Amino acid sequence: MIRYIFATATIVFSAITMSGEEISMLAPEKSAGAPVMEALANRRSIRNFSEKELSRQQLGNILWAAKGQNRPDGRQTAPSCRNLQEIKLFVFDKNGVSEYMPSTHSLRHVVDGDYRNLVAAGQESVNVAPVSIVMIADMSKFDKIDERALMMASADAGIVSENISVACAGLGFATVPRGMMKSAEIITLLNLPENHIAILNNPVGFEFETK
Ligand SMILES: Cc1cc2nc3c(=O)[nH]c(=O)nc-3n(C[C@H](O)[C@H](O)[C@H](O)COP(=O)(O)O)c2cc1C
């Protein structure tokens, strides 16, 4: 598998990536940002984004906070039901969609093209965000797909989303947890099996200051 390490500080998925290729993210800055209580004090939903892009480092920090590997045994910053780790993270930006791979802290290119509108689903203010992170549950990880499994997957997605929200609050980025998105179209776009469900998303970027 080919890995590219780009020297540039700017984002992220250049046109040279092809489906399945991985881009290593820079190591997460584990001392960055405000203390956790201050981050919680600042957390709020922000829906007005500027077009300013995140750097690769900034995006990597957020993805690691969301569900990065934080222990040698493969466990992650986000707990999950029976450690099933059924939530997959997909990053939509103006160039394409990539999947975050926690074990290698890398992005695996999935598809070219700007599909952020499938995530925004008509909420135009969030369509401006440079990236949208989509939480998709791989329900095949559960023994059976029943109401309980759907509840656990929703809880797990909510935890990942809140990790993103708290990280953004602490690091000075804008985000909002969202249920709205074109879920079926996203599953089709990403060529995922039917047992995958898009549960939540977080557009991430910088707040558009109106003053
Ligand atoms: C599960 C969930 C789904 C949400 N879906 C949306 C959404 O689709 N669009 C949106 O603008 N906000 C959405 N929100 C954000 C809520 O509207 C917001 O959290 C709430 O108004 C409280 O505001 P606060 O986050 O600033 O405390 C969602 C929040 C949660 C927890």
Side-chain angles (χ1 to χ4, degrees), residues 33-52 54 58-59 61-63 65-67 76-81 84-94 97 100 114-139 141-142 145-190 192 195-211:
V36 68
M37 293 300 274
E38 196 179 321
L40 287 165
N42 289 334
R43 192 217 61 83
R44 65 192 165 95
S45 291
I46 298 172
R47 298 177 179 79
N48 291 314
F49 295 87
S50 76
E51 291 180 4
K52 184 177 171 189
L54 295 162
Q58 290 168 332
L59 180 60
N61 287 349
I62 293 162
L63 293 169
K67 66 182 310 277
Q76 302 176 346
T77 55
S80 63
C81 175
L84 292 177
Q85 301 181 2
E86 80 283 7
I87 302 300
K88 298 179 176 179
L89 285 190
F90 289 89
V91 179
F92 287 59
D93 78 359
K94 67 181 181 189
V97 185
Y100 177 60
D114 187 354
Y115 293 100
R116 289 175 294 173
N117 62 324
L118 295 183
V119 185
Q123 195 173 358
E124 283 311 312
S125 64
V126 302
N127 206 13
V128 180
V131 301
S132 278
I133 303 173
V134 179
M135 282 132 266
I136 295 182
D138 173 3
M139 298 303 294
K141 296 277 186 86
F142 292 89
I145 304 175
D146 56 8
E147 192 181 334
R148 184 81 192 157
L150 291 168
M151 204 189 298
M152 292 302 101
S154 301
D156 289 345
I159 289 169
V160 174
S161 173
E162 180 66 358
N163 278 2
I164 296 171
S165 289
V166 174
C168 285
L171 294 166
F173 306 126
T175 194
V176 53
R178 298 178 67 245
M180 203 159 81
M181 65 186 132
K182 301 207 170 176
S183 306
E185 290 174 49
I186 288 171
I187 297 298
T188 303
L189 171 74
L190 302 178
L192 292 168
N195 54 16
H196 283 62
I197 304 172
I199 299 182
L200 287 173
N201 66 79
N202 279 67
V204 177
F206 294 88
E207 184 170 18
F208 179 74
E209 309 279 355
T210 46
K211 10 178 184 135

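In listed order, ligands and their atoms are each counted from 1. Below, each value reflects all heavy atoms present in this structure, side chains not excepted, and no hydrogens, waters or symmetry copies. Everything numeric in this text was worked out from a predicted model, so none of it was measured.
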With a heavy-atom distance limit of 4.0 Å, tell me whether V176 approaches ligand 1 through its side chain, its backbone, both, or neither.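 Side chain only; the backbone of V176 stays clear of ligand 1.
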Under 3.5 Å between any N/O of M180 and any N/O of ligand 1: does that happen in this structure? yes
In terms of atom number and element, which parts of ligand 1 are under 4.0 angstrom from non-hydrogen atoms of R44?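 With R44 as reference, the close atoms of ligand 1 come out as 26 (O).
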With heavy-atom distances below 4.0 Å as the criterion, list the atoms of ligand 1 near L200. 1 (C)
Proximity winner for atom 9 (N) of ligand 1, if only heavy atoms of R43, R47, Q123 are counted: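 Nearest option to atom 9 (N) of ligand 1, by heavy atoms: Q123.
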To the nearest 0.5 angstrom, please state how far the [atom1] atom of [X] sits from the [atom2] atom of [Y].
X: I187; Y: N195; atom1: CD1; atom2: CG; answer: 9.5 Å
X: E86; Y: H196; atom1: CD; atom2: NE2; answer: 10.5 Å
X: L190; Y: I186; atom1: CG; atom2: CD1; answer: 7.0 Å
X: I87; Y: D138; atom1: CD1; atom2: CG; answer: 9.0 Å

What residue and heavy atom of the protein are closest to [atom], and at what distance?
atom: atom 26 (O) of ligand 1; value: S45 N, 2.8 Å
atom: atom 5 (N) of ligand 1; value: G179 N, 2.9 Å
atom: atom 14 (N) of ligand 1; value: P177 O, 2.8 Å

Residue pair N61, F173: steps toward the side-chain contact (heavy atoms from CB on, under 4.5 Å) verdict: CA-CA 11 Å; N61 287 349; F173 306 126; 5.9 Å; no
Would you tell me whether D156 and S80 have side-chain atoms, one donor and one acceptor, within less than 3.5 Å of each other? no
Verify whether one side chain among N201 and R178 offers a donor that lies under 3.5 Å from an acceptor in the other.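 There is such a pair (donor and acceptor under 3.5 Å, judged by atom type) between the side chains of N201 and R178.
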Below 4.0 angstrom, counting only protein heavy atoms, does anything approach atom 18 (C) of ligand 1?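 Within 4.0 Å: yes, protein heavy atom nearby.
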Any protein heavy atom < 4.0 Å from atom 3 (C) of ligand 1: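 Given the 4.0 Å limit, the answer for atom 3 (C) of ligand 1 is yes, a protein heavy atom qualifies.
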